[in-house]
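Taking it in order: structure first as structure tokens, then the write-up.
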Amino acid sequence: MKKKHRTIVFYKTYFSDFFLAQKDKVKDKIIWTFDLIEELPRVPETYLKHLENTDALFEIRVQQGNDIFRIFCFFDRGQLVVLANGFQKKSQKTPKKEIERALKIKEEYENEKQDGHTK
């Protein structure tokens, strides 16, 4: 078994709703990318990148053919990667509403954690 440097966890159904709606090839590529993120000591920015001007928000980058997907995530306890929302990227710039949604999810997660509700 390969050593894991990180663990990816789903938070509520934000990501799984997006994931289940994708084609099999896209799902396979997302899973492949997750494995890479969990197993590599240093993940190249091609796959995991900090979003500038955000409070510790990262995007997982997945490309399948000409389709580009982004999955927002953030770290908890250093090595736990918590998935927020995902979307298909249609333009050069990441839609502001998707970033705002991810930040809301992160805030919700942190508030629940503070209250002792997260698993």
Side-chain angles (χ1 to χ4, degrees):
M1 201 173 112
K2 294 179 181 148
K3 181 184 185 313
K4 277 188 171 187
H5 291 275
R6 282 162 221 88
T7 302
I8 291 177
V9 295
F10 293 22
Y11 173 57
K12 297 193 172 170
T13 62
Y14 295 114
F15 170 73
S16 49
D17 290 344
F18 161 79
F19 181 78
L20 293 170
Q22 303 311 313
K23 295 182 186 115
D24 285 345
K25 273 190 170 174
V26 173
K27 287 181 188 169
D28 291 345
K29 188 68 182 264
I30 290 172
I31 291 165
W32 179 88
T33 307
F34 286 176
D35 288 343
L36 197 89
I37 290 167
E38 288 189 330
E39 291 163 10
L40 287 181
R42 277 186 60 82
V43 182
E45 277 200 351
T46 325
Y47 302 107
L48 182 67
K49 185 175 193 277
H50 177 253
L51 273 180
E52 288 176 26
N53 308 321
T54 67
D55 177 26
L57 195 62
F58 288 76
E59 62 176 8
I60 295 172
R61 312 169 106 187
V62 178
Q63 187 160 356
Q64 173 57 47
N66 291 327
D67 295 328
I68 296 170
F69 300 88
R70 295 289 185 258
I71 300 148
F72 291 121
C73 62
F74 48 91
F75 285 83
D76 183 15
R77 295 188 292 276
Q79 299 308 322
L80 190 65
V81 180
V82 182
L83 300 178
N85 51 321
F87 68 99
Q88 184 169 356
K89 200 166 173 195
K90 306 264 192 206
S91 65
Q92 212 46 41
K93 220 165 149 39
T94 300
K96 203 174 165 146
K97 72 177 198 334
E98 294 291 352
I99 295 173
E100 285 167 0
R101 184 169 175 227
L103 289 168
K104 276 198 183 95
I105 293 168
K106 182 174 183 280
E107 188 181 347
E108 182 185 340
Y109 175 86
E110 287 165 351
N111 288 342
E112 283 188 11
K113 196 177 148 187
Q114 237 170 359
D115 299 342
H117 293 309
T118 58
K119 293 179 188 99

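Only this structure's heavy atoms are used, side chains among them; waters, hydrogens and symmetry mates stay out.
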So for atom NZ, which belongs to Lys27, do other residues, nucleotides or ligands contribute more than 12 heavy atoms lying within a distance under 6.0 Å? yes
Are the side chains of Lys29 and Phe69 in touch, meaning some heavy atoms are under 4.5 Å apart? no
Let me check something: do Val82 and Tyr47 share a hydrophobic cluster, defined by ILVMFWY side-chain heavy atoms less than 4.5 Å apart, either directly or through other members? no
Does Trp32 share a hydrophobic cluster with Phe18, counting links as ILVMFWY side-chain heavy atoms below 4.5 Å and allowing steps through other members? yes
Enter the distance from Asp35:CG to Leu40:CG here, rounded to the nearest 0.5 Å. 10.0 Å
Under 30°, 30 to 60°, or over 60°: which ring-plane class applies to Phe15 and Phe34, parallel, tilted or perpendicular? tilted
Return yes when atom NZ of Lys25 has more than 12 non-hydrogen atoms of other residues, nucleotides or ligands closer than 6.0 Å, and no otherwise. no
Backbone N or O of Ile8 within a donor-acceptor pair of the Glu38 side chain at under 3.5 Å? yes
Lys23 vs Gln64 side-chain heavy atoms within contact, under 4.5 Å: no
Check ion pair Lys106-Glu110 (N to O, under 4.0 angstrom): yes
Taking all heavy atoms of Ala56 and all of Phe74, pick out the closest pair and write down the distance. O-CB, 3.6 Å
Any side-chain heavy atom of Gln114 sitting closer than 4.5 Å to one from Asn111? yes
Do Phe72 and Ile99 have side chains that get closer than 4.5 Å, going by heavy atoms? yes
Same apolar cluster (I L V M F W Y, side chains within < 4.5 Å links), Leu80/Tyr14: yes
At their closest point, which heavy atom of Ser16 faces which heavy atom of Phe10, and how far apart are they? CB-CD2, 4.1 Å
Over all heavy atoms of both residues, which pair between Val81 and Arg6 is shortest? Give the atoms and the distance, please. CG2-CD, 3.9 Å
So, taking the atom named NZ in Lys89 and the one named CD in Glu98, what distance separates them when rounded to the nearest 0.5 Å? 11.5 Å
Interatomic distance, Glu108 atom CD to Lys113 atom NZ [nearest 0.5 angstrom]: 14.5 Å
Do Gln79 and Thr7 make a side-chain contact, defined as non-hydrogen atoms from C-beta onward lying under 4.5 Å apart? no
Less than 4.5 Å apart, any side-chain heavy atom of Asp76 and any of Tyr109? yes
In short, Cys73 meets Leu57 closest at the heavy-atom pair O-CD1, 3.6 Å
Value rounded to 0.5 Å, distance of CZ in Arg61 from CD in Glu45: 7.0 Å
For Val62 versus Ile30, what's the shortest heavy-atom pair and its separation? CG1-CG1, 3.9 Å
Pairwise side-chain contact, Phe87 with Arg101, heavy-atom cut-off 4.5 Å (strictly under): no
Separation of Glu59 CD from His50 NE2 (nearest 0.5 Å): 10.5 Å
With a 4.5 Å limit on heavy-atom distance, are the side chains of Ile71 and Phe19 in contact? no
Same apolar cluster: Ile60 and Leu51, side chain cutoff 4.5 Å: no
